[in-house]
Each structure stands twice: as C-alpha cells, then as structure tokens.
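Scroll down for the structure; my scribbles are underneath it.
These numbers come from a predicted model, not from an experiment. Every chain is numbered from 1 and lettered A, B, ... according to where its sequence line falls, protein lines coming before strand lines.
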There are 2 protein chains.
Amino acid sequence: MTERGGRIQTRQRSAVWAALEAAGEFQSAQQLHARLRADGDGVGLATVYRTLQQLADDGDVDVLRTADGEAVYRRCSTGRHHHHLVCRSCGRTVELDAAAVEQWARRIGEEQGFSDVDHVVELFGTCRECKETDRHI
Amino acid sequence: MTERGGRIQTRQRSAVWAALEAAGEFQSAQQLHARLRADGDGVGLATVYRTLQQLADDGDVDVLRTADGEAVYRRCSTGRHHHHLVCRSCGRTVELDAAAVEQWARRIGEEQGFSDVDHVVELFGTCRECKETDRHI
DNA sequence: GTTTGTGCAAATATTTTGCACTTGA
DNA sequence: TCAAGTGCAAAATATTTGCACAAAC
C-alpha cells in the first residue's frame, strides 16, 4: 500500500482504489462510479471525483483526456503496460501487444531530447457485432 | 475522406481561419470567439465550434486537450494527421509524424474485426531544458 | 471531540443541437 | 433557387462546490 499523505482511510476511498486496480486500465470517473454501484459499493459521484483528484495530486494515478474530453484515470503501473482496443458501442475490450509502439515511443522521445518518456495509446472502433446490429449506447 | 468540396465559403469561416492564423498557437474555441468579437468580426460561438470541428475533421487543424479539459486548436503546420510529444513541465509540444503508428492502428483494428478505428496517441516526457533546470510548474 | 470526508443537489463550464432565418453558389 | 450555413437559446455532458450530516482517528 502506498503512503498517501495525511489522508483518512475510508470505505469509499478503498473502494475507488480497488476499482481502479480491478479495472487495470484507464477508466473515467463515470465508469468507476457505475462499476462501484454495480458491485454494491455505493459511492457518491462527487466523492469519486474528489478521490481521483487527490490520487492524481499525490501522483498515485495517471490522468488522461480522451478525445471527447472525458478525464480517465489509471493506477500507476510499476511494470510495463499494454494497450487496448475498445468498442465505442458495447465497450468490449481487446488487449493489444504493442511492442512496436513501445519501441517507437521510446525512440521518438530520445530523438527529441525528452527523458522519462511515457506514452498513451488507445484505439477506439466499432466491433463487428455492434456494426451488424447497428447498436448504439 | 477529406471532403472539402461540399463546403461553402463564408465570412465566418474565413474569420475563424484568419483568427487561427493570427494566433499562431493553440487557442480554445472560447478564446477565438472572444478574439473575433474584439476585432469586430461577430461570429456566433456555435459557429466557431462547428467550424473548428470541420477543420479538425478535415485535418486542417491540430486538436489538443488542456489539463482542465478544454479543447484547443491550432493551424497544422503540415496539414497531415499527426500526434504530439508534450513536456510535462513546460508544456512544450513537438509534432510527430507517426505513419508507422497509423498503419499499426489500422491493421490491428482490422485484424480484430473493428471498423471506423480511431486512435489516441500522446507521448509525455521531460524536455531537455526542463530536465537541466529542474523546473516545475 | 475535533477534524476530515461524504452525499446530495445546485452551480459551472464546455460543447452540442433544434430550429427559424440567411446567404453563397 | 435552395442546399448549406448561421445565430440564438436551450440541452447535454462533465466536473466542481456549498452545506448539512456522518465517520475516522
């Protein structure tokens, strides 16, 4: 467990932290809130936002913005990460081995004189099933 | 794909395009709207948004998200779709030509049976200057 | 017991959209 | 002419905040 300042330990924070761990990948506050509610761990949306904000301030999570402006959070990973291909419609997720991209990112960063280069790569599309049924969310 | 034939030339679009050129750097829709109003070129906020969206669709401008979720636009220097390498400390941005990544993303999507595949690729690091001065923001 | 966190709802902020009215080709 | 564009305001989203209540230490 990481040291997280003088913060109080509450059921809600543990739940958010656990949900982030369970997800493993970038999740929006809304997604986490829904996930928690589905699991029976009721946590207010505002509390989810506040908790994520603190975690981000403390550097315990990565924060990103999706193309449509939603903030997504991920527990900082110690080891190497992988990427995902996510269906816009049903949320189905495929894990990707992206060795080629890892190499590309590192090389580009070095070429530009940047250090501690991290990268974010996410693919979004419509999976075959959703395309056929023309389903929308 | 790039469908510019269906677009009408209007005073408003010229004004937005000119404002982008005048700014030279990343500007939010709100900033551009204010700038246009200040210059006496009244353009509705919705029109600014719609115009920027089209320009982005056509690949004529870069779109980025600031840390607080605002979309900012800049006239592309190359006119091609590309990605960014952003310094965590000073925000300096380097445009990347990522043909390799584009291909990889498209191929992976097709392999998995996904259509309309879009992708998000952003690199973050610490640029040489910030590393040397150990600057923080 | 005091300090900090939580939930709810209302408030912000940004961006999108419906619709009647213009306008450019 | 007339499809395409525009402005306005209302709606949709995502996130923040004020405040009374509850919980952790």
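- Residue A:Arg50 places none of its side-chain N or O atoms closer than 4.0 Å to OP1 or OP2 of D:dT15.
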Strictly under 3.5 Å: I want the nitrogen or oxygen pairs between protein and nucleotides 23-25 of chain D, one per line.
from: D:dA24; atom 1: O3'; to: A:Gln9; atom 2: O; distance (Å): 3.4

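- If you check D:dC8, D:dT15, C:dT15 against the side chain of B:Ala46, the one that comes closest is D:dC8.
- The shortest heavy-atom contact between A:Val48 and A:Ala29 is CG1-O, 3.7 Å.
- One interatomic measurement links the two molecules: CG of B:Leu36 to P of D:dT6, which rounds to 12 Å at whole-angstrom precision.
- What separates CG of B:Asp57 from P of C:dT15 is a distance of 15 Å, to the nearest Å.
- Regarding A:Gln30, its CD atom lies at a distance of 11 Å from the P atom of D:dT16, rounded to whole Å.
- Residue A:Gln53 has a polar side-chain atom (N or O) positioned under 4.0 Å from OP1 or OP2 of D:dT16.
- Looking only at distances, a side-chain donor or acceptor of A:His33 sits under 3.5 Å from a matching main-chain atom of A:Val43.
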Stepwise side-chain hydrogen bond (donor to acceptor under 3.5 Å, both in side chains) check, A:Gln30 with A:Tyr49: CA-CA 9 Å; A:Gln30 311 274 355; A:Tyr49 273 107; 3.0 Å; yes
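- The distance between atom CD of B:Glu70 and atom C1' of C:dT12, rounded to the nearest whole Å, is 13 Å.
- For the pair B:Gln54 CD and D:dT6 P, the computed distance is 8 Å after rounding to whole Å.
- Axis angle, first five pairs versus last five pairs of the helix from C:dG1-D:dC25 to C:dA25-D:dT1: 40°, rounded to 10°.
- The side chain to side chain contact (heavy atoms under 4.5 Å, CB included) test with A:Asp60 is passed by exactly one of A:Leu52, A:Leu55, A:Leu20: A:Leu55.
- If you check every strand for non-hydrogen atoms under 4.0 Å, A:Ala29 touches nothing.
- Rounded to whole Å, atom P of C:dT17 lies 14 Å from atom CG of B:Leu45.
- Atom C1' of nucleotide D:dA14 and atom CG of A:Leu52 are separated by 13 Å, given to the nearest angstrom.
- One finds a side-chain N or O of B:Arg13 lying less than 4.0 angstrom from the OP1 or OP2 phosphate oxygen of D:dT6.
- Although no hydrogens or angles enter the test, the distance criterion places no donor-acceptor pair under 3.5 Å between the side chain of B:Gln54 and the main chain of B:Thr51.
- Counting only distance, with no hydrogens or angles, the side chain of B:Ser14 and the backbone of B:Thr10 share a donor-acceptor pair below 3.5 Å.
- Close to D:dG7, at under 4.0 Å from its OP1 or OP2, lies no side-chain N or O of B:Arg37.
- OP1 and OP2 of D:dT16 both lie 4.0 Å or more from every side-chain N or O belonging to A:Tyr49.
- The phosphate of C:dG5 (OP1 or OP2) has no side-chain N or O of A:Thr47 nearer than 4.0 angstrom.
- Put simply, CD on B:Gln27 is 14 Å from P on C:dT14, counting in whole angstrom units.
- For B:Arg128 (side chain) and A:Phe114 (main-chain N/O), no donor-acceptor pair under 3.5 Å exists by modelled atom type.
- Contact check on A:Arg106 versus A:Glu102 returns no salt bridge, with no Lys/Arg side-chain nitrogen under 4.0 Å from an Asp/Glu carboxylate oxygen.
- Nearest-nucleotide positions on DNA chain C for B:Ala71 and A:Gly42 put A:Gly42 closer to the 5' end.
- In this structure, of C:dT17, D:dT6, C:dT15, it is D:dT6 that holds the atom nearest to the side chain of B:Gln12.
- Considering only residues two or more places apart in sequence or on other chains, A:Gln53 meets the side-chain contact (heavy atoms from CB on, under 4.5 Å) condition with none of them.
- Judged by distance alone, with hydrogens and angles left aside, the side-chain atoms of B:Gln112 form no donor-acceptor pair with the main-chain N or O of B:Gly109 at under 3.5 Å.
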